[in-house]
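Heads up, the thing below is written out as structure tokens.
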Amino acid sequence: MKPASFRYHRPGTVDEAVGLLAELGEDAKIIAGGQSLVPMLSMRLAYFDHLIDISRLPELQGIERREKEVWLGAGTTEAKVGADHQVRQAVPLLTRATPFVGHFQIRNRGTLGGSIAHADAAGEYPAVALTLDAVMEVASPRGRREIAAADFFVGLWETTMAPDEALTGVRFPTWRGRSGFSVHEFSRRHGDFALAGALVAVRLDDDDRVARAAIGLLGLGATPRRAAAAEAAVIGRPVGELEPGDVGLAAMSGLDDVPSDLQGPASYRTRVGAAMAARAWTEAVTEARAREHDA
Ligand SMILES: Cc1cc2nc3c(=O)[nH]c(=O)nc-3n(C[C@H](O)[C@H](O)[C@H](O)COP(=O)(O)OP(=O)(O)OC[C@H]3O[C@@H](n4cnc5c(N)ncnc54)[C@H](O)[C@@H]3O)c2cc1C
């Protein structure tokens, strides 16, 4: 199928883009890589009179390593994110999540900002952003502001950005010291959105106690989520005393809106989620333990 007709706009700056969004109102939508929007338009699940193409705006491109974080322009393609050596060193979770995002052809066009703005509950980048407490930078005709990841994802494909706001960049904090990172997810075919998945970032102190832990979940609710109870349960504990299976089960506690659909009932997704969290925990802890000194 083909999309209904629309007017195509290619602004030269972010200010022009958000000016158009404000002027054209609900009939207008930003298009970046088009890897989520175009299928929706083609299947006539969505319809807009105006598409505002931000994919070539120089302001939205680039990756910058800073003292305690890495900044990525919203327009950076998923393929560039996955291949960047600064990202690999400073935000390994982002690098490791990237191969799970669709297929290479999709990642070649799809953008980090498009994925996060689209806010699919099973999307990998939204889950990485939430797990690492990333900060979203957004622009509108009223100026610029920042939104913490914890305040950004509010519902299925829904964020706290206003209709005339554009995501311009995302800042991912870096973790130092004896840290380990892992992503595990299960989907029926490679490249499909996951049924359920888990992301773990863990830092150990020199006595092998858990100094810091972040456990993110995807595909297990209307938004990506954090397993806050499981995080609280592991902090301060000697890591050798923690059974990965128990951490996985703890990560599933309090999930009250796990979807049931053609892929499987909520109970199945929850079991898969627990197994993925246990595997991610094991892998992240193994990596952290292999690092010798708090650097
Ligand atoms: C077959 C297939 C499989 C896929 N599998 C996965 C998967 O496993 N995991 C996964 O995470 N994704 C998957 N995707 C989606 C892919 O990651 C998309 O690239 C991504 O979700 C959207 O990025 P985009 O740049 O293409 O955005 P677009 O499709 O251009 O836009 C998506 C939405 O975000 C908005 N938007 C885009 N950029 C901005 C911005 N800077 N500011 C504000 N709003 C913006 C648009 O208005 C639109 O509503 C898949 C896609 C396909 C077609």
Side-chain angles (χ1 to χ4, degrees), residues 3 6 8-11 13-14 17-18 20-22 24 26-43 45-48 50-57 59-61 72-82 94 96-130 136-140 144-145 147 152-153 156-170 183 185-197 199 216 218-219 223-224 263:
F6 53 81
Y8 174 79
H9 305 260
R10 197 198 293 167
T13 63
V14 169
V18 294
L20 277 167
L21 274 179
L24 300 167
E26 61 183 23
D27 293 332
K29 198 75 174 160
I30 281 179
I31 182 165
Q35 298 302 297
S36 292
L37 186 59
V38 171
M40 292 179 102
L41 297 174
S42 298
M43 289 186 279
L45 297 172
Y47 172 79
F48 296 98
H50 302 270
L51 293 187
I52 302 166
D53 186 352
I54 58 161
S55 63
R56 294 177 221 196
L57 293 181
E59 291 166 75
L60 303 185
Q61 301 297 327
L72 290 104
T76 310
T77 63
E78 295 156 347
K80 278 191 185 150
V81 174
L94 204 46
R96 292 174 196 177
T98 300
F100 292 109
V101 180
H103 303 275
F104 182 77
Q105 291 85 345
I106 290 159
R107 300 195 292 271
N108 223 15
R109 299 284 310 187
T111 64
L112 173 93
S115 174
I116 289 178
H118 188 58
D120 195 294
E124 284 76 15
Y125 288 166
V128 175
L130 188 68
M136 320 301 180
E137 298 178 346
V138 304
S140 76
R144 312 254 163 166
R145 69 178 178 124
I147 309 174
F152 191 78
F153 304 105
L156 191 62
W157 299 319
E158 197 187 347
T159 73
T160 45
M161 279 192 298
D164 64 352
E165 279 182 322
L167 184 62
T168 55
V170 185
V183 184
E185 63 175 53
F186 176 75
S187 55
R188 294 199 186 275
R189 296 174 307 183
H190 172 71
D192 281 0
F193 278 101
L195 241 92
L199 305 88
L218 55 87
T223 62
Q263 307 250 34

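When a ligand or atom number is given, it counts from 1 through the structure's own listing order. Nothing here was measured: the structure is a model prediction, and the numbers come from that model.
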May I ask you to list the atoms of ligand 1 that are less than 4.0 angstrom from any heavy atom of Phe100? 7 (C), 8 (O)

Numbered atoms of ligand 1 (with element) below 4.0 Å of Ser115, judged on heavy atoms: 20 (C), 21 (O), 22 (C), 23 (O)

Close approach of Ile31 to ligand 1, heavy atoms, under 4.0 angstrom: yes

Atom 31 (O) of ligand 1 - nearest protein heavy atom and its distance: Leu37 CB, 3.9 Å

With heavy-atom distances below 4.0 Å as the criterion, list the atoms of ligand 1 near Gly191. 3 (C), 5 (N), 8 (O)

If you measure from atom 2 (C) of ligand 1 to every heavy atom of Val14, Ile106, Thr98, Leu51, which option wins on shortest distance? Ile106

Ligand 1 to Ala32 polar contact by distance, N or O atoms, under 3.5 Å: yes

Specify the protein heavy atom at minimum distance from atom 27 (O) of ligand 1: its residue, its atom name, and the distance to 0.1 Å. Gly114 CA, 3.6 Å

Rounded to the nearest 0.5 Å, what's the gap from NZ on Lys80 to CG on Leu112? Could you check? 12.5 Å

Non-hydrogen atoms of Arg107 versus ligand 1: any pair closer than 4.0 Å? no

Regarding atom 47 (O) of ligand 1: of the candidates Ile30, Leu57, Ile54, which has the closest heavy atom? Ile30

Quick test: of every protein heavy atom, which one is nearest to atom 35 (C) of ligand 1, and how far off is it to 0.1 Å? Ala117 CB, 4.0 Å

Would the distance check show the side chain of Arg144 and the main-chain N or O of Glu137 forming a donor-acceptor pair, the cut-off being under 3.5 Å? no

Please list all pairs passing the side chain to side chain donor-acceptor pair (under 3.5 Å) test where one or both residues lie in residues 109-118, with sequence neighbours left out. none

Nearest non-hydrogen protein atom to atom 26 (O) of ligand 1, with distance, is Gln35 N, 2.7 Å

Compare Ser36, Ala17, Gly110 and give the one whose heavy atom is closest to atom 20 (C) of ligand 1. Ser36

Quick note on ligand 1: atoms under 4.0 Å from a heavy atom of Lys29 include exactly 47 (O), 49 (O)

For Gly102, atoms of ligand 1 separated by under 4.0 Å from a heavy atom: 4 (C), 5 (N), 6 (C), 7 (C), 8 (O)

What is the closest protein heavy atom to atom 13 (C) of ligand 1, and at what distance does it sit? Phe193 CZ, 3.1 Å

So the atoms of ligand 1 within less than 4.0 Å of a heavy atom of Gly34 turn out to be 24 (P), 26 (O), 27 (O), 28 (P), 29 (O), 30 (O)

May I ask you to list the atoms of ligand 1 that are less than 4.0 angstrom from any heavy atom of Glu78? 16 (C), 17 (O), 18 (C), 19 (O), 20 (C)

Straight-line distance of Leu72 CG to Gln61 CD, nearest 0.5 Å: 11.0 Å

Using a 4.0 Å cutoff against the non-hydrogen atoms of Asp192, which atoms of ligand 1 qualify? 8 (O)

My understanding is that only residues two or more places apart in sequence, or in another chain, count here; which of them pass side chain to side chain contact (heavy atoms under 4.5 Å, CB included) with Asp27? Asp49, His50

